[in-house]
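Nothing fancy with the numbering, it's 1 onward along the sequence.
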Amino acid sequence: ALRRVGGLPIVRGKNMATVVRETEQENDPPLTGRSPAAEVVLAYLRDQVAAISHYDPQVRRDEPDAVHQMRVATRRARSALQAFGTIIDQDATRPLCAELKWLAATLGQARDSEVMRDRLTADLAAIPPTLITGPVQARITAHFTAELAQAGKTALAALEGQRYARLLGNLDALLARPPLTPLAEHRAGTVLAKPVRRAARRLLRALAAVPAAENRDAAIHEARKAAKRARYAAEAAVPALGSTASRQAEQAKDLQQLLGDHHDSVVARTVLLDLAAKARAAGEDTFTYGLMYQRQACQAASIEQALPRFAGRDVTIGC
């Protein structure tokens, strides 16, 4: 697609493949377990590519939640390609997965800063004013204002770059000419159940490994990533597997959010140590930073105590 007309950049909305697909969908029969597996997976991928295109101009305009939604669509597309590599040839899509990972990481810089700023601001607001010493909120604001400004520049530079343009073109090419395997034409209800169950089993193994892990924080972070994969694989398969896949997606989502809170508490403590060091160097009282650090540590400990009941839960689909 042309990127420039008269020297002015085109703000990307829906690409032609997306417009054509939306027109076709008006007459498409609903997807079911009897549909070819490729149709179910490709429909999910088309939705994610359409979401990337939809949120692209919103990210450029710095609209609320746009970065988050665009990153989620990017992650969902990558997870689907990885989970259903026996349907859309995994060897052929591996380079595309690497580029989707790059885009998600680039967008993540801004999103992660937003999340951490809001987390620390909310935590500080929950502390009685008598226990707040020094310009804590001012330091939090200044720290994340600088981070977000840099992250925003990085994201915009990526969206204006050739690497991103190639990625969009490769996504369009994938949807137009997907590298399908022989399983692609088999019934989705039969073919998709195995990779969805496999993603759930990997999640359970990741959870089971946490108690004995030498680095428990890292192990919980790996379990969080496994929860995301189990969730997105199940979401993609809902048209074929119905309520069982929906149930797995919901359970994995709940667990992903819980483990995400744990990861955020780990990152928050690192940020608080950095802020405290700068405050100390400026001659400020650092008591409040220590108090916030302990609050974050207690939240993480509570989550770790809750994990055994999740590890024993059956999150695999029943089909």
Under a 3.5 Å distance rule, please check whether [X] uses its side chain to pair with a backbone N or O of [Y] as donor and acceptor.
X      : Y      : value
Ser113 : Phe144 : no
Thr181 : Thr86  : yes
Thr141 : Ala138 : no
Thr93  : Gln82  : no
Arg216 : Pro211 : yes

Are the side chains of [Y] and [X] in contact, using a 4.5 Å heavy-atom criterion?
X      : Y      : result
Ile303 : Ile220 : no
Val267 : His263 : yes
Arg60  : Leu156 : yes
Gln48  : Thr74  : no
Trp102 : Thr106 : yes
Val136 : Leu120 : no
Asp89  : Pro178 : no
Leu81  : Leu174 : yes

Gap separating the [atom1] atom of [X] from the [atom2] atom of [Y], nearest 0.5 angstrom:
X      : Y      : atom1 : atom2 : answer
Leu272 : Thr286 : CG    : OG1   : 11.5 Å
Glu304 : His262 : CD    : NE2   : 3.5 Å
Leu148 : Thr154 : CG    : OG1   : 11.0 Å
Leu258 : Asp254 : CG    : CG    : 9.0 Å
Leu159 : Leu168 : CG    : CG    : 8.5 Å
Lys101 : Leu103 : NZ    : CG    : 13.5 Å

Given the rule in the side-chain contact (heavy atoms from CB on, under 4.5 Å) test, do Phe84 and Leu42 qualify, once you have shown the distances and angles that lead to the verdict? CA-CA 10 Å; Phe84 304 111; Leu42 287 171; over 6 Å; no
Hydrophobic clusters here meaning ILVMFWY residues chained together by side-chain heavy-atom distances under 4.5 Å, can you tell me if [X] and [Y] are in one?
X      : Y     : result
Leu45  : Met70 : yes
Val67  : Ile52 : yes
Leu192 : Leu31 : yes

Begin from the C-alpha positions of Glu114 and Arg111 and carry the test salt bridge (Lys or Arg N to Asp or Glu O under 4.0 Å) through to its verdict. CA-CA 5 Å; Glu114 288 176 351; Arg111 175 58 181 172; 3.6 Å; yes
Under 4.0 Å between a side-chain nitrogen and a carboxylate oxygen: does that hold for [X] and [Y]?
X      : Y      : value
Lys225 : Glu222 : yes
Lys278 : Glu284 : no
Asp264 : Arg224 : no

Set out, in order, the CA-CA distance, both residues' side-chain angles and the distance that settles side-chain contact (heavy atoms from CB on, under 4.5 Å) for Met116 and Asp112, then state yes or no. CA-CA 6 Å; Met116 197 52 50; Asp112 291 345; over 6 Å; no
Asp123: what forms a side-chain hydrogen bond (donor to acceptor under 3.5 Å, both in side chains) with it, not counting sequence neighbours? Arg295, Gln296
Kindly give the heavy-atom pair with the smallest separation between [X] and [Y], and that separation in Å.
X      : Y      : value
Ala230 : Gln248 : O-NE2, 3.2 Å
Arg198 : Ala83  : NH2-O, 3.7 Å
Ala234 : Ala245 : CB-O, 3.4 Å
Pro239 : Ala236 : CD-O, 3.4 Å
Ala233 : Val196 : O-CG2, 3.7 Å
Val41  : Ile88  : CG1-CD1, 3.7 Å

Step by step, would you call Arg231 with Lys228 a side-chain contact (heavy atoms from CB on, under 4.5 Å)? CA-CA 5 Å; Arg231 173 189 173 185; Lys228 264 190 267 192; 5.7 Å; no
Taking CG in Asp62 as the centre, count heavy atoms belonging to other residues, nucleotides or ligands within less than 6.0 Å. Is the count above 12? no
Looking at Leu275, Asp274, Leu273, which hits side chain to side chain contact (heavy atoms under 4.5 Å, CB included) with Tyr289? Leu275
With side-chain contact (heavy atoms from CB on, under 4.5 Å) as the criterion, how do Ile140 and Val271 come out once you've worked through the C-alpha distance, each side chain's angles and the decisive distance to 0.1 Å? CA-CA 9 Å; Ile140 292 173; Val271 174; over 6 Å; no
